[in-house]
2 protein chains.
Amino acid sequence: MSSADAIQLAVSTVIFALRPHPESGRSTVWIPLVRRTRAPFEGEWALPGGWAEADESLSDTAARKLLETTAVAPTYLEQLYAFGELDRSPSGRVVSVAYWALVRPDQADAATEGENVRWFVADELPALAFDHNVIVDYALWRLRTKLEYSRIAHAFLGETFTITELRQVHEAVRQRPLDPANFRRQVESSPALVRTDEHVVGAAHRPARLYRYNTDVELADVGPLARLRKDPR
Amino acid sequence: MSSADAIQLAVSTVIFALRPHPESGRSTVWIPLVRRTRAPFEGEWALPGGWAEADESLSDTAARKLLETTAVAPTYLEQLYAFGELDRSPSGRVVSVAYWALVRPDQADAATEGENVRWFVADELPALAFDHNVIVDYALWRLRTKLEYSRIAHAFLGETFTITELRQVHEAVRQRPLDPANFRRQVESSPALVRTDEHVVGAAHRPARLYRYNTDVELADVGPLARLRKDPR
DNA sequence: CCAAAAGTGTTCGTACTACACCCATGC
DNA sequence: GCATGGGTGTAGTACGAACACTTTTGG
């Protein structure tokens, strides 16, 4: 028999939401962490996750653990990387399949927060348990990289949204201002956006048109992997 | 205790090399497959791989299995994806961490080939064991996508090479001809290429200048993951 | 001289940038 | 009217595509 039995398989998830920065007030990327209640790294902060289950797919485990610990249902969930170094955990050999998820602000607000679950600004984290700082850094890099060529920004927003709201998502994630005029043209020429006839009313300026996300277009191009969702194998 | 013990962890690798197509003679992408010698899928072709070992990192396992089965040492090795669906194997729950590798033609020529190991044109595969067709398709997609924005084409070539050789790698992978003049300018303006003073002699035309790969530049941008190689955790 | 591939120059179209300017609303 | 953000116009620039052209070798 193989020695695979000696390897523990875990699933962890980096959950991203946008909230105002406590000092600057500008929208920034936040993630929830859970405090470890047992060794190793007892008392330290770590990514939400748990052991993989034999009767559940890895992505299902990621989604379930995410829901259990933070009461959040993600609008986007993607596998990040399988971390398989030898010295990741002092308690033995653990391979962690990391996922990353995007949630809307209203989902994040409804999230449980308490002694053992707290939200942090993603770029200002304390030292985390295991190699979780590396995992978060990589997830942040993927988020920022992928935002530029995919449509994942929509996952931070509701059913309908204005171009300005979409731009603010990009500005928060990419941490720099974008030209409103040019941004508008870029995204409006994309087939992923559908204009509605509705407008936002009540603001002290010209009403902004509402847009909808075109669900015919995949949020992120994952290539042939999209097949897995419809036709596994 | 968790039920993680019931999950088998495997490592598989998609190995890419360039060779002439048997019919057209044009350079194309090939991969080696191994014939399974036991159930499930006995007698069918599958990706080289094996069980993860408790005392070996996942990437080391991928490199070792690759060497054992095909006697090839890759010039590039990258993790592809962790396949964790429930019904992947009829023999029980198996999670496979897939890798993909690039090898040079001379390495591929030296590779063992026999009754149980054979090279195939990557785009003309038979039905493979497990979900390995999906894995190969995804690896091919990643190779083709990544070739356009990374420097991985160099991994198919030797120490020094001509611009034309580099272009032929791109043409083989991307399956379309590229303008020699424009291709030359594009890659020559990149810092990843270093001109040497050597030239190829003996050809019935103007001698081509040899270039070298600038090792200061990472082959592929993997973001903060590059840290793992120097400073794990 | 000719063939063949190496290498250079030039034109064209597209797409992103910067920034000026007009539009529609609340107060 | 005035402030505010929504939305349009436009000139400059960078870059890739297409392709004509020159260079340097072997035969």
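Proteins get letters first, then strands, A, B, ... in listed order; numbering begins at 1 in each.
Annotation: proximity of residues 188-207 of chain A to DNA chain C (heavy atom, distance under 4.0 Å) is found for A:A203, A:A204, A:H205, A:R206, A:P207, numbered in ascending order.
For the pair A:T164 and D:dG6, the criterion of a side-chain N or O lying under 4.0 Å from OP1 or OP2 is met.
When rounded to the nearest whole Å, the span between CG of B:L210 and C1' of D:dT25 equals 15 Å. Between the P atom of D:dG5 and the CZ atom of A:R184 lies a distance of 14 Å, rounded to the nearest Å. What separates CZ of A:F183 from P of D:dG5 is a distance of 17 Å, to the nearest Å. Atoms CG (A:L166) and P (D:dG5) sit 18 Å apart, rounded to a whole Å. Atom CG in B:L178 sits roughly 13 Å away from atom C1' in D:dA18 (whole-Å rounding). Rounded to an integer number of Å, the gap from CG of B:N182 to C1' of D:dA20 is 12 Å.
Listed here is the closest heavy atom pair of A:L178 and A:R167: O-CD, 3.7 Å. When all heavy atoms of A:A73 and A:V103 are compared, the pair lying nearest together is O-CG1, 4.3 Å.
With salt bridges taken as basic N to acidic carboxylate O contacts below 4.0 Å, one links A:R144 and A:D123. Note on B:E171 versus B:R176: no salt bridge recorded, every NZ/NE/NH1/NH2 to OD/OE distance being 4.0 Å or above. A salt bridge between B:E188 and B:R209 is absent, with no side-chain N of the basic residue lying under 4.0 Å from a carboxylate O of the acidic one.
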Would B:F120 and B:W45 satisfy ring-ring contact (aromatic ring centres under 6.0 Å, His included), going step by step from the backbone distance to the final call?
-> CA-CA 10 Å; B:F120 293 81; B:W45 294 101; 5.1 Å; yes
Tell me, with the steps shown, if A:L143 and A:V173 meet side chain to side chain contact (heavy atoms under 4.5 Å, CB included).
-> CA-CA 8 Å; A:L143 166 64; A:V173 173; 3.9 Å; yes
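Ring centroid separation for the pair B:H154 and B:Y76 does not come in under the 6.0 Å cut-off.
At a threshold of 4.0 angstrom between heavy atoms, the contacts of B:R185 include nucleobase atoms, whether or not backbone atoms are also involved.
Between the side chain of A:S189 and the backbone N or O of A:Q186, at least one donor-acceptor pair lies under 3.5 Å.
Along DNA chain C, read 5' to 3', the first and last nucleotides having any atom under 4.0 Å from a heavy atom of chain B are C:dA3 to C:dT10.
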